[in-house]
Every structure is written in C-alpha cells, then in structure tokens.
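Beneath this line is the structure, given in structure tokens, with notes to follow.
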Amino acid sequence: EAAQQTLKLNSGLTVYSDAPDREGLNELLARSDIQAVIVALPLGQQPDIVIKALKAGKHVLSEKPVVKDVKAALELVKTYDTEYKPKGLIWRVAENVECEPGVRAAAEVIHSGKIGKVAFFRLSSVSYIDQESKWYKSSWRTLPDYQGGFLLDSGVHSMAVLRTILPSPVASLSGHASLTKPYLLPHDSIQSVLALDSGAHGLLELSFAAPSSARFESLTVITGTEGFLELTFGKNEADVGWAVKTVVGTKDPKEEKQFYKMQGVEIEIEWFVQAVLKGEQNSVVVGEPRRAIRDVALIQAALTSGGAPVDIKKLVEEA
C-alpha cells in the first residue's frame with residue numbers, strides 16, 4: 001500500500017517474497033512482461049541474484065559496489081561478458097555519483113583543459129557515523145562480511161568522483177587504514193597517496209570516524225597549471241547537491257561558481273531505462289562493471305597497502 005501511494009499507482013502491486021504462502025523470486029523472474037530488474041540488496045547477496053536475473057533474460061541495474069573484492073568482481077564480469085552480454089543483455093552498476101550533474105560538470109571543466117594540465121589533487125571525505133544512524137542500523141552494515149565495512153560500501157562513491165573527473169586513471173596507491181571506533185569494524189579510516197598514469201599525484205582522506213557531526217567534509221580540489229577547481233558536496237539555501245567552483249588565470253584569476261541539485265539516482269535509472277528500450281548506443285553509458293571494479297580496487301589497495309605502493313593496473317589484471 002505504501003508503494004502504491006508513493007508511486008501514485010491506480011492499482012495495487014503484486015508482492016513476491018520468501019514467505020511460504022507467497023510466490024518468490026523465481027516466479028517474479030519468470031514473468032514475460034518484465035524486461036529489467038533493479039537489484040538493491042546487501043553486498044554479499046547481490047552477485048548470485050545478478051546472475052539469476054541475467055539467466056532469466058532480464059537486464060540488470062545492481063547497487064554499488066560491484067562486489068566485495070577485485071577477484072570476485074573480475075569473475076562476475078567475466079561471466080557476464082562471455083555468457084550474457086553477447087545475448088544483448090545489459091548489466092550496469094548503479095553508481096549514482098558518476099551521474100550527478102555537478103560531478104559531470106566538474107569533469108567537463110577538467111577534461112576540456114580549462115584549468116590547464118592537472119598537476120595535483122586532493123579528496124577529503126570525512127563524516128560521523130554513530131550507532132543510532134539509520135545507515136548503521138542495517139544488520140549487514142553492523143556486522144559486515146566484506147572488507148572495509150563502510151569504507152567499501154560508501155567509500156566507492158568517492159572513488160567514483162575521482163574516476164569521473166580525473167584526466168587519467170590511478171596507476172598506484174600507498175596508504176594506511178585504521179579503526180578509530182570499534183563498532184565500525186573492520187576499518188573506518190584511510191589516508192593514501194595516489195599517482196596517475198599522467199604523472200599527476202594527489203591525496204585521499206576517507207573516514208567515517210569523525211568525533212561528532214560537526215566534523216563533516218566532502219571536498220575535492222583539482223589543481224592545474226592554469227587554475228583550479230573545487231567540488232563540494234553539501235547544502236545550499238534550498239537543496240542538497242554539488243557546488244563547483246572554478247578559478248582560472250595565473251595573473252588575473254577569474255572565479256565561477258555553480259550549484260547543481262543532487263539527482264544522480266533518478267538520472268542513473270533514467271539512463272538505464274533508455275538503454276533497455278533504445279539500446280546502449282542510444283543512451284549515456286555509465287555504470288560499466290569494469291569501470292566499477294576500479295572503484296573497489298582503490299579501496300582494496302588502501303586497506304591492504306600498509307604504506308607500500310600498490311600497482312592498481314596489476315591488481316585489477318591479476319587478482
């Protein structure tokens with residue numbers, strides 16, 4: 001009833017579940033009137049359901065992260081590439097950040113060369129998670145069965161920001177991971193140094209262990225030879241979204257500011273539906289599973305580095 005009211009449907013929804021008196025997932029996937037499914041489940045449960053939906057001939061949009069680690073991700077992608085992609089089935093990973101208008105606007109500025117050649121960068125994402133948070137209270141987050149806990153589950157958003165806006169991929173990473181708050185096992189903070197294929201380098205700070213909600217930061221700064229760009233996530237007077245500030249010029253710098261309302265979830269679903277109905281070639285291509293693997297790889301590298309450099313290309317190719 002709640003879904004019917006929220007979606008403003010004229011008729012009720014058919015509910016499928018594992019309850020003994022109801023039809024379940026097999027019956028749902030057997031319906032010929034369903035072309036595509038969205039899989040939004042705890043991370044450990046998703047891969048089997050993704051494959052089950054693809055086997056049933058359905059296009060799939062599955063929640064990020066792609067899977068729990070690089071090795072498992074590569075195996076899942078290989079299965080898709082060899083068995084289901086040739087059949088014309090679409091599988092996308094729902095990483096809403098790469099669909100955010102503000103993030104894409106920042107990427108356009110950087111990739112156009114407006115701030116010159118990227119020299120160095122910094123991403124800092126620090127937030128406060130307490131035991132009363134709605135994000136913490138889901139059981140699969142309270143006792144995660146995957147590496148990094150919140151750092152993987154939510155941290156891939158920050159990795160997607162870097163993947164979307166930087167001009168070249170991350171080549172290597174060295175860093176340290178730690179646990180400040182015991183209820184955020186196994187880790188809640190990472191600090192790392194990153195080097196790009198292009199030679200640019202930068203700093204990554206990612207933590208969910210702020211002492212209070214007063215310590216919140218979501219800031220990415222990209223510095224080029226002709227200027228710099230700041231991308232900030234937060235609120236303005238009316239909305240939650242992304243602020244993009246660009247400063248260009250070495251003698252008489254000019255500043256531009258623009259705020260973009262957060263709407264990545266709506267956009268990623270819209271583009272997925274377009275791809276299903278019109279074909280990948282007629283849709284904006286986002287959520288590519290192989291690109292999503294790199295987001296997991298950066299988190300995994302930061303968790304396991306222990307201060308030693310990790311070759312990201314080698315990690316992705318040889319996991």
Side-chain angles (χ1 to χ4, degrees), residues 39-51 54 60-85 91-98 123 125 140-141 144-166 168-179 185-197 202 204-206 208 285-319:
V39 180
L41 292 171
L43 178 54
Q45 299 176 16
Q46 286 206 141
D48 290 344
I49 304 302
V50 168
I51 292 299
L54 290 168
V60 177
L61 178 66
S62 64
E63 181 62 283
K64 59 75 202 163
V66 56
V67 292
K68 65 178 182 178
D69 58 42
V70 174
K71 182 178 180 180
L74 290 172
E75 290 173 355
L76 187 60
V77 171
K78 182 179 179 181
T79 299
Y80 167 66
D81 284 346
T82 57
E83 297 183 28
Y84 302 109
K85 190 174 183 179
W91 171 37
R92 290 186 175 186
V93 178
E95 177 46 77
N96 56 290
V97 165
E98 69 174 324
L123 184 150
S125 177
W140 59 280
R141 286 190 174 113
D145 59 354
Y146 49 86
Q147 62 178 338
F150 271 86
L151 290 171
L152 177 64
D153 180 48
S154 185
V156 288
H157 286 313
S158 295
M159 304 307 101
V161 169
L162 293 179
R163 171 167 57 83
T164 302
I165 69 177
L166 288 174
S168 66
V170 176
S172 67
L173 176 153
S174 60
H176 294 275
S178 60
L179 178 67
L185 288 167
H187 301 91
D188 56 25
S189 303
I190 54 178
Q191 282 75 31
S192 300
V193 178
L194 289 70
L196 305 186
D197 281 344
L204 167 66
E205 177 183 40
L206 181 60
F208 295 90
V285 178
V286 293
E288 293 177 287
R290 286 197 178 275
R291 288 170 62 82
I293 291 176
R294 296 193 70 88
D295 299 340
V296 174
L298 291 183
I299 297 293
Q300 183 169 319
L303 292 171
T304 59
S305 164
V310 177
D311 185 322
I312 300 301
K313 184 177 181 181
K314 185 177 180 180
L315 173 62
V316 171
E317 290 182 350
E318 298 183 6

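Residues Asp188 and Phe150 form no side-chain contact, since every pair of their non-hydrogen atoms from C-beta on lies 4.5 Å or further apart. Under the 4.5 Å side-chain criterion, counting only non-hydrogen atoms from C-beta, Leu298 is not in contact with Leu204. Two residues are said to be in side-chain contact when any heavy atoms from C-beta on lie closer than 4.5 Å; Asp145 and Leu43 fail this criterion. The shortest side-chain heavy-atom distance between Val67 and Val296 does not fall under the 4.5 Å cut-off. Considering only heavy atoms from C-beta on, Leu41 stays 4.5 Å or farther from Trp140 through its side chain. Here the side chains of Gln191 and His176 are not in contact, with every heavy-atom distance at 4.5 Å or above.
The CZ atom of Phe208 lies 5.0 Å from the CG atom of Leu206; values are rounded to the nearest 0.5 Å. Rounding to the nearest 0.5 Å gives a distance of 12.5 Å between CG of Leu152 and NE2 of His187. Of the inter-residue distances, the one linking Leu194 atom CG with Met159 atom CE reads 7.5 Å to the nearest 0.5 angstrom. To the nearest 0.5 Å, atoms OG (Ser172) and CG (Leu315) are separated by 12.0 Å. Interatomic distance, Ile51 CD1 to Glu83 CD, rounded to the nearest 0.5 Å: 7.0 Å. Separation of atoms OG (Ser62) and CD1 (Ile49) is listed at 11.5 Å; rounding is to 0.5 Å.
Closest of all the heavy-atom pairs between Leu74 and Val316 is CD1-O, 2.8 Å. Nearest heavy-atom pair across Ala308 and Ser305 is O-OG, 2.6 Å. In terms of heavy-atom proximity, Leu61 sits nearest to Val93 at CD1-C, 4.2 Å. Contact detail for Gly148 and Pro186: the closest heavy-atom pair is N-CG, 3.6 Å. Looking at every heavy atom in both residues, Ile190 comes nearest to Leu303 through CG2-CD2, 4.1 Å. Scanning all heavy atoms of the two residues, the minimum distance from Lys314 to Asp311 falls at N-OD1, 2.9 Å.
Judged purely by atom type and a 3.5 angstrom limit, Arg294 has no side-chain atom pairing as donor or acceptor with the backbone of Ile312. With hydrogens and angles disregarded, a donor-acceptor distance shorter than 3.5 Å links the side chain of Thr164 to the backbone of Ala160. A donor-acceptor pair under 3.5 Å is formed between the side chain of Tyr80 and the backbone N or O of Trp91. Here the side chain of Glu95 pairs no donor or acceptor atom with the backbone of Pro65 at under 3.5 angstrom.
Under 4.0 Å is where a charged nitrogen must lie from a carboxylate oxygen, and between Lys64 and Asp295 no such pair does. A salt bridge between Arg290 and Asp81 is present, with a side-chain N of the basic residue lying under 4.0 Å from a carboxylate O of the acidic one.
For the residue pair Glu63 / Gln46, no side-chain donor-acceptor distance below 3.5 Å is found, with atom types taken as modelled.
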* Asked: side chain to side chain contact (heavy atoms under 4.5 Å, CB included) between Thr79 and Tyr84: does it pass, once the steps are laid out?
  -> CA-CA 7 Å; Thr79 299; Tyr84 302 109; 4.0 Å; yes
